[in-house]
Amino acid sequence: ESMDNKVSQVEDKLTRANVADMPVAQFMTKQVVPLYADTTIRSAIHTFFKHQISGAPVVDQDGVLKGVVSEHDLLLQAATKDLDSSISYTSPAITVKVDAKLKDLIVLFYKKKIKRIPVMGAGQRVVGVVSRIDLLTQLALSE
């Protein structure tokens, strides 16, 4: 089956479940744990462990999004760099606005093969993060 056909089937199911147009603000994680661009690899690992997260938005001192860093990124960095050097992160990050719809997020997760997406409010500020499990939980609850 083609990707477009699979996406179309998913959109049909979501529409039937009345969740296709649900805005991300209704099911995103609002407790965001950001990292700063000058965070060390060691400190980032500690933050991930302490908060039981596998990725985080990277922001500047004003809270404006610079990029994202994942557990996978840190694994590579920890193996190849000094743990006291600053993290490297993916920039620009794939983001969505706070009014993005559930159906659009599923397509984005599927096509980009990513695990979490920062949700943007006014002024390039991160107001939440939506992960694949947030989406899956919402789908399971709406059946």
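In this structure, CZ on Arg125 lies 6.0 Å from CG on Asp62, to the nearest 0.5 angstrom.
Residues Phe27 and Val130 form a side-chain contact, since some pair of their non-hydrogen atoms from C-beta on lies under 4.5 Å apart. The shortest side-chain heavy-atom distance between Tyr89 and Thr39 does not fall under the 4.5 Å cut-off. With contacts defined as side-chain heavy-atom distances shorter than 4.5 Å, the pair Lys30/Val127 does not qualify. In this structure the side chain of Ser85 reaches within 4.5 angstrom of the side chain of Ile41, judged on heavy atoms. Met120 places a side-chain heavy atom less than 4.5 Å from the side chain of Val126.
Note: the hydrophobic cluster containing Leu139 also contains Ile114 (ILVMFWY, side chain heavy atoms under 4.5 Å, direct or indirect links). The same ILVMFWY cluster, assembled from side-chain heavy atoms under 4.5 Å apart, contains both Val96 and Leu102. Under the 4.5 Å side-chain heavy-atom criterion for grouping Ile, Leu, Val, Met, Phe, Trp and Tyr, Leu35 is not connected to Val32 through any hydrophobic cluster. A single hydrophobic cluster is seen to contain both Met28 and Ile94, as judged by linkage of ILVMFWY side chains at heavy-atom distances under 4.5 Å, directly or through other members. Follow the hydrophobic side-chain contacts under 4.5 Å out from Ile45 and you reach Val58 in the same cluster.
The environment of NZ in Lys115 is sparse: at most 12 heavy-atom neighbours from other residues, nucleotides or ligands sit within 6.0 Å. Other residues, nucleotides and ligands place no more than 12 heavy atoms under 6.0 Å from the NE2 atom of His72.
When the salt bridge (charged side-chain N to carboxylate O under 4.0 Å, His left out) test is applied to Arg42, the partners found at least two apart in sequence or on another chain are Asp84. Checked against side-chain contact (heavy atoms from CB on, under 4.5 Å), Ser131 has the following partners two or more places apart in sequence or in another chain: Arg116, Ile133, Asp134.
Of the possible donor and acceptor atoms, one in the side chain of Gln77 sits under 3.5 Å from a partner among the backbone N and O of Ser88. In this structure a side-chain-to-backbone donor-acceptor pair under 3.5 Å is present from Ser91 to Lys66.
Taking all atoms of both residues into account, the shortest heavy-atom contact from Ile87 to Ala44 is CG2-CB, 3.8 Å.
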